[in-house]
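I have placed the structure first, in the form of structure tokens, so that the comments after it can refer back to it.
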Amino acid sequence: MAFLTRIEVTKMAVGKRSEVGLIRKNNEDSYYIDEVGGIFVVADGMGGHENGKEASRLAVDVFVEHLRQAGQEMSLTNLRDGLNKANAAVFGEQTRLAGGIMGTTFSAAVIAGDRLFLAHIGDSRIYRIRESSILQLTSDHSYLAELVRLGELDEDALKNSTQKNVLIKAVGPEAVIDGQYLLETILPEDKLLLCTDGLYNLISDDELLAVINGSQSLQEAVDRLVELALLRGGSDNITVILYEHNG
Ligand code: CA
């Protein structure tokens, strides 16, 4: 029985996977997981050559370092400062490149007790799965999502568009950013799904929910989701983090 107990204790509360996909040469996504500190980040870089990867990596590193230095007390101001620092770093790097485009999406979830802090910019997503419902907590800062919000395009037209990846906001391209910062409550057994567009462009919200709730473990769910996206063409980098809150 002692053996079984140990399995219980070490049961992972996070599943994760990042894949280059079947078309792209490089994986420009970056991610960060600190289970103990309750910090989860996905970032989807853009730019030629190595720029996209450098942008997503740099943004994640600067943000995480800021949280580490800021100490125990979590707040939305703290997150905003971290994202602003990440933007300054990537913007500075882009300026140094003189002409090259360099940017990244950025979606972070930070958990402190039963509070869930989110910092977000771009079109990666954070979903909350609570029992049999899935809710996208972040807004897509993409050109087409903006048209849908303004009522100039319907959801079906959005699904079929080839311009899904045109961003109106990102970390890096401009000196000042206007991110989304949210404070939510997280309940025991809530799950958080963080992913880049390489996943959700190929898998609907209903399918995400069905796979997650139909899997035996978080890692199995992540693997099934990534493999489904690959089966459907894997046209982009795919990064997925799935966390279950144990309260
Ligand atoms: Ca992408």
Side-chain angles (χ1 to χ4, degrees), residues 11-19 29-44 56 59-60 63-64 67 74-76 78-80 82-83 86 104-141 171 179-226 228-229 237-247:
K11 188 180 165 196
M12 295 294 286
V14 182
K16 62 177 188 295
R17 190 156 158 189
S18 187
E19 292 279 339
D29 292 352
S30 293
Y31 68 94
Y32 179 84
I33 295 173
D34 174 358
E35 262 191 82
V36 177
I39 304 170
F40 307 93
V41 186
V42 294
D44 177 351
S56 64
V60 170
F63 179 83
V64 168
L67 290 193
M74 190 50 58
S75 68
L76 288 178
N78 202 347
L79 255 65
R80 188 188 304 262
L83 196 52
T104 184
T105 72
F106 193 93
S107 299
V110 180
I111 296 159
D114 64 352
R115 294 179 303 166
L116 167 63
F117 296 89
L118 303 178
H120 165 80
I121 191 161
D123 70 349
S124 297
R125 289 181 178 175
I126 301 176
Y127 293 90
R128 185 191 67 203
I129 294 96
R130 179 171 287 170
E131 295 178 353
S132 58
S133 69
I134 184 166
L135 178 67
Q136 184 186 337
L137 298 175
T138 50
S139 301
D140 296 342
H141 297 143
V171 167
Q180 182 185 20
Y181 304 93
L182 297 170
L183 175 56
E184 302 272 336
T185 299
I186 189 162
L187 302 177
E189 297 183 13
D190 275 359
K191 295 186 187 76
L192 296 177
L193 172 68
L194 291 83
C195 64
T196 54
D197 63 340
L199 184 78
Y200 72 73
N201 278 337
L202 297 172
I203 302 178
S204 72
D205 290 5
D206 288 346
E207 290 174 316
L208 294 173
L209 180 65
V211 169
I212 290 167
N213 281 348
S215 296
Q216 298 300 311
S217 71
L218 299 170
Q219 190 58 49
E220 182 194 320
V222 168
D223 287 336
R224 285 176 61 193
L225 289 174
V226 170
L228 183 56
N237 303 149
I238 307 160
T239 298
V240 185
I241 298 173
L242 183 62
Y243 164 78
E244 181 170 347
H245 189 59
N246 291 315

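The distance from the OH atom of Tyr200 to the CD atom of Gln136 is 7.0 Å, given to the nearest 0.5 Å. To the nearest 0.5 Å, the span separating CG on Leu192 from OH on Tyr243 amounts to 7.5 Å. Remark: Glu131 CD to Leu209 CG distance equals 11.5 Å, nearest 0.5 Å. In this structure, OG1 in Thr138 is found 12.0 Å from CD1 in Ile121, a value given to the nearest 0.5 Å. A distance of 10.0 Å separates SG of Cys195 from CD1 of Ile241, quoted to the nearest 0.5 Å.
Minimum interatomic distance between Ser18 and Asp29 (heavy atoms only, all atoms of both residues): OG-CB, 4.2 Å. Nearest heavy atoms, Gly113 versus Ile111: O-CG2, 3.7 Å. The two residues Asn246 and Ala13 come nearest to each other via the heavy atoms ND2-CB, 3.9 Å. Scanning all heavy atoms of the two residues, the minimum distance from Ala109 to Leu194 falls at N-CD2, 4.3 Å. The minimum heavy-atom distance between Asn213 and Ser132, with the atom names listed, is ND2-CA, 4.0 Å. Leu202 approaches Ala229 most closely through the heavy-atom pair CD1-O, 3.4 Å.
Judged as a side chain to side chain contact (heavy atoms under 4.5 Å, CB included), and not counting sequence neighbours, the contacts of Arg115 are Glu73, Ala112, Phe117, Leu183. Legend: residues meeting ring-ring contact (aromatic ring centres under 6.0 Å, His included) with Phe63, ordered by chain and number and at least two apart, are Phe106. With sequence neighbours left out, Ser139 forms a side chain to side chain contact (heavy atoms under 4.5 Å, CB included) with His141, Arg149, Gln180. For Asp223, the salt bridge (charged side-chain N to carboxylate O under 4.0 Å, His left out) criterion is met by Arg17, not counting sequence neighbours. Taking Tyr31 as the reference, nothing meets the ring-ring contact (aromatic ring centres under 6.0 Å, His included) condition, with sequence neighbours excluded.
Residues Leu208 and Leu199 are in side-chain contact: their nearest non-hydrogen atoms beyond the backbone lie under 4.5 Å apart. Counting heavy atoms from C-beta outward, Phe40 and Ile126 have side chains that stay 4.5 Å or more apart. Annotation: side chain of Leu135 is not in contact with side chain of Tyr127 (no heavy-atom distance under 4.5 Å). Side-chain contact check for Val240 versus Leu193: some heavy-atom pair is nearer than 4.5 Å. The side-chain heavy atoms of Ile129 and Ser133, taken from C-beta on, include no pair separated by under 4.5 Å. Inter-residue side-chain proximity for Leu83 and Val171 is flagged as met; some heavy-atom pair is nearer than 4.5 Å.
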>> As a quick check of understanding, evaluate side chain to side chain contact (heavy atoms under 4.5 Å, CB included) for Leu67 and Val110, giving each step before the final call.
In response: CA-CA 10 Å; Leu67 290 193; Val110 180; 3.9 Å; yes
> Run the side chain to side chain contact (heavy atoms under 4.5 Å, CB included) check on Val60 and Ser56 step by step: do they pass?
Replying inline: CA-CA 6 Å; Val60 170; Ser56 64; 5.5 Å; no
Residues 184-191 side chain polar contacts: donor-acceptor under 3.5 Å, at least two apart:
{"from": "Asp190", "atom 1": "OD1", "to": "Arg130", "atom 2": "NE", "distance (Å)": "2.9"}
{"from": "Asp190", "atom 1": "OD2", "to": "Arg130", "atom 2": "NE", "distance (Å)": "3.2"}
{"from": "Asp190", "atom 1": "OD2", "to": "Arg130", "atom 2": "NH2", "distance (Å)": "2.7"}
{"from": "Asp190", "atom 1": "OD2", "to": "Leu187", "atom 2": "N", "distance (Å)": "2.9"}

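A donor-acceptor pair is defined here as one N or O able to donate and one able to accept, closer than 3.5 Å; no such pair exists between the side chain of Asn237 and the backbone of Gly198. A donor-acceptor distance shorter than 3.5 angstrom exists from the side chain of Glu220 to the backbone of Gln216, with no hydrogens or angles considered. For the pair Thr196 (side chain) and Thr239 (backbone), a donor-acceptor distance under 3.5 Å is present.
Shown are Asp44, Asp197, Asp140; of these, the salt bridge (charged side-chain N to carboxylate O under 4.0 Å, His left out) with Arg125 is made only by Asp140. Of the candidates Ile238, Ile212, Leu242, Leu225 forms a side-chain contact (heavy atoms from CB on, under 4.5 Å) with just one, namely Ile212.
Using modelled atom types, one finds no donor on one side chain facing an acceptor on the other under 3.5 Å when comparing Ser107 with Ser124.
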